[in-house]
Amino acid sequence: MRIGAHVRSDTHPVETAEQLGVDVIQMFVSDPQSWKKPEPHPQTQALKDSPLEIVVHSAYVINVASLNNRLRMPSRKAVEQQAAAAADLGAFGLVVHGGHLRDGEDLQAGIDNWRKLFTRQEEKGGFGVPILIENTAGGDGAIARQLETIDRLWDAVGDQGAGFCLDTCHAWAGGEELMGIVERVLAITGRIDLVHLNNSRDEFDSARDRHANLQDGTIDPDLLADVARAAGAPIILETPAEGLADDVAYLKEALL
């Protein structure tokens, strides 16, 4: 089992990974709250020379599904740029949130915008790395909150090479039971490329995305370990930094 962690604002990711004892790291390649084009990471060569597996999380401002041209168009460009930066690091994927629509907007139009992201990029030779679509926690206009909507999304993009990232906190907050979640996702997507294994500070179906350490939240930590085991995919912990090392140790023990 490949266990990893999100590296927060860290200029020495290899050393941090060694300290945590992880095999995989997730990182940003640009400010997650801006549209700024990624700059080469100062530790690029060290990352390439290390045995670490790397995955990149895209900026939070990206909303590929949006019907607003002033948001959707820069989102497409940002995905292209950040996927290229991820490829430069040797990453195995770029995680992108499913996005959301405003009240009253047509869900299918947002799903169609996701397909256009792939078809238009295909004309340019495709993305530098696979795009891993992540389920999201809340909002009635969320494209990837509930499995029913993800099913519709996958009808549009499943043949375009899209991958899937399962976030346990997001599923819980979105009203999806975690018992059997892996099997239900696989029945829709046929794949789980990455798991964001996070507990939640909030109750089931809260629509609130607030991560907790594995043994401190409202989700039974044994259930989280079961999800990790069943998925058989790389695990990234996006839990609070002060308990991250303990989360790594707990998960290693639980998965023995």
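Position 1 is the first residue of the sequence, and the numbers go up from there.
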Should [X] and [Y] count as side-chain neighbours, where that means a heavy-atom distance under 4.5 Å?
| X | Y | answer |
| --- | --- | --- |
| I62 | V96 | yes |
| I111 | L107 | yes |
| L186 | I192 | yes |
| E177 | F204 | yes |
| F164 | E134 | no |
| K48 | L89 | no |
| I235 | V24 | no |
| L237 | H6 | no |

Check for a donor-acceptor pair, side chain of [X] on one end and backbone N or O of [Y] on the other, with a separation under 3.5 Å.
| X | Y | result |
| --- | --- | --- |
| T168 | N198 | yes |
| W172 | T218 | no |
| E253 | Y250 | no |
| R208 | S200 | no |
| N63 | H100 | yes |
| N199 | A212 | no |
| W114 | G98 | yes |
| N113 | S66 | yes |
| K252 | G21 | yes |
| E53 | F92 | no |

What pair of heavy atoms forms the shortest contact from [X] to [Y], and how long is it?
| X | Y | answer |
| --- | --- | --- |
| V29 | P38 | O-CB, 3.3 Å |
| T239 | D247 | OG1-OD2, 2.6 Å |
| G163 | D193 | CA-OD1, 3.2 Å |
| S58 | F28 | O-CE2, 3.6 Å |
| V129 | L94 | CG2-N, 3.7 Å |
| R2 | P234 | NH2-CD, 3.4 Å |

Going through the checks in order, is the side chain to side chain contact (heavy atoms under 4.5 Å, CB included) test met by L47 and I25?
CA-CA 10 Å; L47 286 163; I25 59 169; 3.7 Å; yes
Around atom [atom1] of [X], are there more than 12 heavy atoms of other residues, nucleotides or ligands at under 6.0 Å?
| X | atom1 | value |
| --- | --- | --- |
| Q108 | CD | yes |
| D106 | CG | yes |
| E15 | CD | yes |

Determine the interplanar angle of the Y60 and H97 rings, folded into 0 to 90°, and report it as parallel if under 30°, tilted if 30 to 60°, perpendicular if over 60°.
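Parallel: the ring planes of Y60 and H97 meet at under 30°.
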Salt bridge [X]-[Y], side-chain N to carboxylate O under 4.0 Å:
| X | Y | value |
| --- | --- | --- |
| R115 | D112 | no |
| R145 | D209 | no |
| R210 | D202 | yes |
| R120 | E123 | no |

Ring centroids only, cut at 6.0 angstrom: are H211 and H170 within range, meaning strictly under it?
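Yes, close enough.
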Which of V227, L224, L214 passes side chain to side chain contact (heavy atoms under 4.5 Å, CB included) with I219? It is L224
Evaluate the salt bridge (charged side-chain N to carboxylate O under 4.0 Å, His left out) criterion for residues R152 and D155: first the C-alpha distance (whole Å), next the side-chain angles of each, then the deciding distance (0.1 Å), finally the verdict.
CA-CA 5 Å; R152 290 179 59 182; D155 282 343; over 6 Å; no
From [atom1] ([X]) to [atom2] ([Y]), nearest 0.5 Å:
| X | Y | atom1 | atom2 | result |
| --- | --- | --- | --- | --- |
| I150 | I143 | CD1 | CD1 | 10.5 Å |
| M179 | D220 | CE | CG | 8.5 Å |
| I236 | M27 | CD1 | CE | 11.0 Å |
| R70 | S75 | CZ | OG | 13.0 Å |

Would you check, one step at a time, whether the test side chain to side chain contact (heavy atoms under 4.5 Å, CB included) holds for E238 with H57?
CA-CA 11 Å; E238 297 177 315; H57 198 300; 3.8 Å; yes
When you look at R76 and K116, which way does the side chain to side chain contact (heavy atoms under 4.5 Å, CB included) test go after all the steps?
CA-CA 9 Å; R76 288 175 178 165; K116 290 175 184 176; 3.5 Å; yes
Tell me whether L20 is reachable from V55 by hopping between hydrophobic residues (I, L, V, M, F, W, Y) whose side-chain heavy atoms are closer than 4.5 Å.
no
Is there a side chain to side chain contact (heavy atoms under 4.5 Å, CB included) between L194 and V95 once you walk through the steps?
CA-CA 9 Å; L194 183 69; V95 177; 3.7 Å; yes
